[in-house]
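A quick write-up on the structure given underneath.
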2 protein chains.
Amino acid sequence: MAGLSDIARAAGVSVSTVSRVLNRRAGIKEGTRQRVLDVLNEMPHTARGMEALRRTGVIGLLVPELSNPVFPAFAEALETRASRAGYASLLCNTRAVMSEQDYVRMLRARGVEAMIFVSPAIANIDPSAGTRPPRGYYERLLSEGVHLVFVNGGTPALEVPDVAVDEQLAGYTATQHLLELGHSRIGFVCGPSQALPSRLKQAGWSAALEEAGAVADPNLVAHAPFGAEGGGQAMSELMDTARPTAVLCSSDLMALGAMREARRRGVSVPENLSVVGFDDISLASYCAPALTTLAQPIEEMANAAVDELVHRLDPDRPDRAPGGHSRVFRPRLVVRESTAPLGTE
Amino acid sequence: MAGLSDIARAAGVSVSTVSRVLNRRAGIKEGTRQRVLDVLNEMPHTARGMEALRRTGVIGLLVPELSNPVFPAFAEALETRASRAGYASLLCNTRAVMSEQDYVRMLRARGVEAMIFVSPAIANIDPSAGTRPPRGYYERLLSEGVHLVFVNGGTPALEVPDVAVDEQLAGYTATQHLLELGHSRIGFVCGPSQALPSRLKQAGWSAALEEAGAVADPNLVAHAPFGAEGGGQAMSELMDTARPTAVLCSSDLMALGAMREARRRGVSVPENLSVVGFDDISLASYCAPALTTLAQPIEEMANAAVDELVHRLDPDRPDRAPGGHSRVFRPRLVVRESTAPLGTE
DNA sequence: CAAACTTGTGCAATTTTTTGCACAAAGAGT
DNA sequence: ACTCTTTGTGCAAAAAATTGCACAAGTTTG
């Protein structure tokens, strides 16, 4: 088993320097530090204490939930790209009993080199809710040398690269599509009002409506928890009050719930109600009627996120160039069977 | 920062004993070892080397894939129960680029105390495929003190507790249900032929058929890869050849694929074709027609698995008693809209 | 352009951890 | 009951890691 002295010899420095590197003490030139670390990573079996500094090749993936299939889809896409680059992924489900912060702490202790946050708490929860990580929380991570990337939830306040779909454009495009089909009473089956993505989609919805000379009546927006259940609730509310001829939904899952509610009430889709989802989960094309939706380019986004990370983790890797700090992807309209021209109703 | 001597004092042993415990050397009485470890877990910040032996409160969850929603569902249920018991979960997706073994090695290095395998490679892949972990692989883990539990894929060859649904009963019950509706040409949209769960369901299907005096014609079984895509393929094959009036499927996902294929061919479900799925993923009730299926009691199974683990991890916890090494759960028939009495066709 | 600082590293003293050896306690076999 | 193992622990010597101090090399300032 190699000891400090072996490493010192191999790196051409003194034992004390190695010791200092290992203990993260200040006063070591970056070049020397790097040389020691490199030697460390070569050595097959080294003693205690060193393990933590060693490159682990492990990254953490944090998703808010698993019940909406988009998140497993993101996780799988991220994981695939990461393993191709030689990194193993650990997946954490953050909105369960343990919070995002709990998981971050744990991952940090387990030697994770970087973390990718999908829909991170920082960007998506209302500041007033109080459950958001305290200010400076992500900064601390950054300063500890943990690399971060946000997916769908970046914030300009932080020096963290992020990739995201243009949620507002999604709302706009969906509304536009329905407008073109002749609809005018277009409702929005929306997630909780604090959720930023839903707010952005709503902005797109209003914009399209106003551009078409219509008014974005607040009664046409129904808030409910995310999930199919919530979609049903919001749909039910809309049908009782504003009676839209078409709706867009915050997610495919909500759209599925909305469609079931419509079916329960004997309103047939798309003849009497057009429905547009968001995400394009793989099941969207398997339900009947197949769901028209705005696809997130999940694979491209995942690739971009992982590549950005890898670029920072291994700066001298010849790989693809990073696309810059903040990459926005366009959602793609996938027209299937759940939308149709406004009929005689 | 506490050193060996502090721990030795607190535990009432000599420094050398503590050193030996920390280095996993032989020749330490279990009681003494435990006492040292306990003290270790009390101490707030201890030195290097000790971290690895410290209880981490982290368990690993290994699932074969994420695209079939049952696995995220299991993961979420397991995770919830585990966090209630004070354990954090790390989720790994094992059939991607990295294998189950890669992940196990990595988790081990990251200090997880136990692992729960959902549909582990050992039980579900054909031995001849060669991709299965080598013999003694799980034993080694066990001997290193890592606790294991299998979900849906235990094996009597190993001293590992397992919880599972009765796959054969599922096949039997599904077939029985279709038989009662008057069907006799009952097909099976089956996963890959090496997959054990599919083989067991097939056994249940044959048994029910033979019990009813019918023959289990092998032409009524179509194999295809798991997933909705595969379900469509297998369905297509059956419709071209054996023309069943009803089918059961290896999973809800395959059932969804089968239903879409039927729809594509203008065969309406359930009027001209009854379909039974397996799993009861939450989306099963949201598709049209809502899917009749055999539900795995996911939450109960997850609870049983976690409880069994916790019982072993913390033997003196007052918790619920373990249900024994091997627990089998009955699948529950959930009749919805995708099955109907055999009509005039 | 030198004095005053700052930064980075090695040396050696100090502290901490590991290990060889001895010895006590607990069974096992005459 | 009396060896003879086997097993578990402590003591003290040896090995390894940490740190105070000094000094060299590079930077800034007057």
> Any donor-acceptor pair under 3.5 Å joining the side chain of A:R25 to the base of C:dG8?
Replying inline: no
>> Checking side-chain polar atoms at under 3.5 Å, does B:S16 have a donor or acceptor matched by the opposite partner on B:S19?
In response: no
> When you check the phosphate oxygens OP1 and OP2 of C:dT16, does a side-chain N or O of B:S5 lie under 4.0 Å from one of them?
Replying inline: no
> Atom CZ of B:R9 to atom P of D:dG10: distance rounded to whole Å?
Replying inline: 14 Å
> Under 6.0 Å between the ring centres of A:Y138 and A:F150?
Replying inline: yes
>> If I take atom CG in residue A:L22 and atom P in nucleotide C:dT9, what distance separates them, rounded to the nearest angstrom?
In response: 15 Å
> Can a donor-acceptor pair under 3.5 Å be found between the side-chain atoms of A:S16 and the base atoms of C:dC11?
Replying inline: yes
> Going by an N to O cut-off under 4.0 Å, is there a salt bridge joining B:R327 and B:D162?
Replying inline: no
> In whole Å, what is the span from the CZ atom of B:R33 to the C1' atom of D:dT9?
Replying inline: 16 Å
> Out of B:L309, B:L142, B:V160, which residue meets the side-chain contact (heavy atoms from CB on, under 4.5 Å) rule with B:H147?
Replying inline: B:L309
>> From CG of B:L4 over to P of D:dT18, roughly how many Å is that when rounded to an integer?
In response: 13 Å
>> Tell me whether the side-chain N or O atoms of A:R20 pair up with the base of C:dG8 as donor and acceptor below 3.5 Å, since no angle test is needed here.
In response: no
> Between B:T32 and D:dG8, does any side-chain N or O lie under 4.0 Å from OP1 or OP2?
Replying inline: no
> In whole angstrom, what separates A:K29's NZ from D:dA24's P?
Replying inline: 16 Å
> Would you say a side-chain N or O of A:T17 is under 4.0 Å from OP1 or OP2 of C:dG10?
Replying inline: yes
> Rounded to whole angstroms, how far apart are CD1 on A:I7 and P on D:dA15?
Replying inline: 19 Å
> For the pair made of CD in B:E30 and C1' in D:dT9, what is the distance, rounded to whole Å?
Replying inline: 16 Å
